[in-house]
Amino acid sequence: MAQIRLSDLKHSYYPDPNAAEDYALKEINLTWKDGGAYALLGPSGCGKTTLLNIISGLLTPYQGEVFFDGVNVTREPPDRRNIAQVFQFPVIYDTMSVWDNLAFPLKNRGADNNEVARRVNEIAEMLEVTPLLKVQAAGLSPDNKQKISLGRGLVREDVNVVMFDEPLTVIDPHLKWQLRSKLKELHQKVGITMIYVTHDQTEALTFADEVVVMNDGEVVQIGTPVELFERPEHTFVGHFIGSPGMNIIACEAEGKKARFEGFEVELEGPITDSKGFLAIGIRPEHVSVSHHKGIPARLAKVVDSGRHYIVNAWVGKTEIKAITYEPLPGLNSEIYLTFQPEKTRVYCDGRLATEVTP
Ligand code: ATP
């Protein structure tokens, strides 16, 4: 187990990078606590795999350093870093039995037979594959192959970190939930530092104690699932996390008030920066709909999610989403929207620019 520290990390796939867009990773400073469960979340192409490969040693960064428990490993090859990695697609030996596949990483490190048997049985039980231990891996379903791949990643207790790169991509949707909670449970049992890379917010938020959100080669926010949902520090986080994401509404603002489309709303606190493009950020969950009180809006669309209604409404030329549990009038009817002041924030050039004063 190890604490992992990334210091002034930058990476470019070009030999002679100049402009910011030449960098797949722009400037990363990050510490992953020993024993933590982390998710690295961001859209395709934001640099997640690049970062993972730098940690595992498959890639040497263009600039900056990687430390495991204070030891600089930046130039150490993968086999000297003592990590386990689980990839998107199963990495198993088809000609071996499930037992031998799970035992392989342990035998490779010279573990004795008793230790191998104890760990293989333990992991097989946790992943509910004990009945398959004698089966040859070639005959397994894709789901079970990936379970064995996960098992191979988790079987060693002496690794510095286990890294998962989109490990549930090939798993059947109904099994995904089960495996996700299994992984969380496993983390709680073994306490090894785990980094889980995904572009899927549900996977990130259910697995991790802390989520590192990346966009365009940069870390935009690190926080617990609640923090990311409740108080996004960047409009990207607000929009990327949540379903639907946060409303981002161009506005003017002064003190504790913002104005859009001629209407004034109260903010969580005073604005701290107004030298840039200002936008209100409010989650659909925090916009309430009524028949008589609030900002007048025209009902444009209603989606019944089964649990609640997702409403799209126009205030002038601004589209706003709201979530409500109450029945709604017909399309094009006038409705009224109210923003919860303590959840209404302003962002300046994408960055949170309101503060809550005690
Ligand atoms: P995905 O979820 O699609 O795997 P990602 O977040 O893991 O995406 P990376 O694969 O790290 O992102 O890619 C980051 C950027 O670096 C992208 O613009 C990608 O096109 C570029 N890139 C990745 N690998 C290479 C490579 N070997 N050569 C050149 N550019 C690369």
Side-chain angles (χ1 to χ4, degrees), residues 4-30 32 37-66 73-75 77-78 81 83-91 142 146 149-150 153 161-171 173 176 179-180 183 193-208 210-223 225 228 232-243 245 350:
I4 297 171
R5 184 159 66 82
L6 310 175
S7 169
D8 290 332
L9 216 58
K10 272 186 169 190
H11 191 70
S12 176
Y13 288 98
Y14 300 112
D16 193 14
N18 287 310
E21 59 267 26
D22 293 345
Y23 288 89
L25 295 181
K26 299 221 164 79
E27 172 113 27
I28 308 251
N29 285 289
L30 191 60
W32 317 76
Y38 293 96
L40 197 52
L41 174 69
S44 187
C46 73
K48 303 180 297 292
T49 304
T50 304
L51 188 55
L52 212 59
N53 288 344
I54 289 174
I55 297 172
S56 68
L58 291 171
L59 210 58
T60 307
Y62 178 80
Q63 180 198 299
E65 266 113 32
V66 180
V73 297
T74 319
R75 267 147 240 294
R81 297 194 185 195
I83 52 180
Q85 206 160 353
V86 180
F87 299 93
Q88 206 166 359
F89 298 101
V91 179
Q146 188 63 344
S149 221
L150 284 167
V161 53
V162 187
M163 306 204 289
F164 305 92
D165 195 354
E166 309 255 4
L168 304 184
T169 310
V170 295
I171 301 285
K176 271 190 187 183
L179 272 182
R180 256 197 333 256
L183 277 180
T193 313
M194 292 187 185
I195 302 175
Y196 187 109
V197 169
T198 179
H199 64 269
D200 180 328
Q201 54 165 309
T202 315
E203 279 181 23
L205 301 179
T206 44
F207 170 76
E210 248 186 4
V211 181
V212 177
V213 186
M214 285 184 73
N215 185 35
D216 201 14
E218 286 180 293
V219 172
V220 283
Q221 187 171 358
I222 304 172
L228 297 177
E233 282 168 11
H234 197 282
T235 46
F236 174 80
V237 177
H239 200 72
F240 193 68
I241 289 175
S243 182

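All heavy atoms count here, side chains included; hydrogens, waters and symmetry mates do not. Order of appearance sets the numbers: ligands from 1, and atoms from 1 within every ligand. Computed from a predicted structure; not experimentally measured.
Scanning the protein for heavy atoms near atom 2 (O) of ligand 1, the closest one is K48 NZ, 3.1 Å. The shortest contact between atom 14 (C) of ligand 1 and any protein heavy atom is with G45 O, 3.4 Å. Remark: minimum distance from atom 12 (O) of ligand 1 to any protein heavy atom is reached at G47 N, 3.2 Å. Among all non-hydrogen protein atoms, the one lying nearest atom 3 (O) of ligand 1 is S44 OG, 2.5 Å.
Take Y13 and apply the side-chain hydrogen bond (donor to acceptor under 3.5 Å, both in side chains) test, not counting sequence neighbours, and it matches T50.
Distances shorter than 4.0 angstrom do not occur between any heavy atom of G42 and any atom of ligand 1.
Using a 30° and 60° split on the angle between ring planes, F164 and Y196 fall in the tilted class, from 30° to 60°.
Within the 4.0 angstrom cut-off, atom 20 (O) of ligand 1 has no protein heavy-atom neighbours.
At a threshold of 4.0 Å, the pair D165-K48 does not count as salt-bridged, since none of the basic side-chain nitrogens sits closer than that to a carboxylate oxygen.
A donor-acceptor pair is defined here as one N or O able to donate and one able to accept, closer than 3.5 Å; such a pair exists between the side chain of Q221 and the backbone of E233. Of the possible polar contacts, none joining the T198 side chain to the L41 backbone as a donor-acceptor pair under 3.5 Å is found.
Residue-ligand proximity, A24 to ligand 1, at heavy-atom distances under 4.0 Å covers atoms 15 (C), 16 (O). Residue contact check: P43 has heavy atoms under 4.0 Å from atoms 6 (O) of ligand 1. In the vicinity of T49, heavy-atom distances shorter than 4.0 Å reach the ligand 1 atoms 4 (O), 5 (P), 7 (O), 10 (O), 11 (O). Which parts of ligand 1 touch T50 is read off a 4.0 Å heavy-atom cut-off, strictly below it: atoms 9 (P), 11 (O), 13 (O), 14 (C).
With atom 24 (N) of ligand 1 as the reference point, the heavy atom nearest to it among Y13, Y14, Y23 is part of Y13.
Here the rule is side chain to side chain contact (heavy atoms under 4.5 Å, CB included) with L6, and of L51, V219, I54 only L51 fits it.
The structure places CD of E218 at 7.5 Å from CD1 of I28, a figure rounded to the nearest 0.5 Å.
The nearest pair of heavy atoms linking Q146 to F89 is OE1-C, 3.6 Å.
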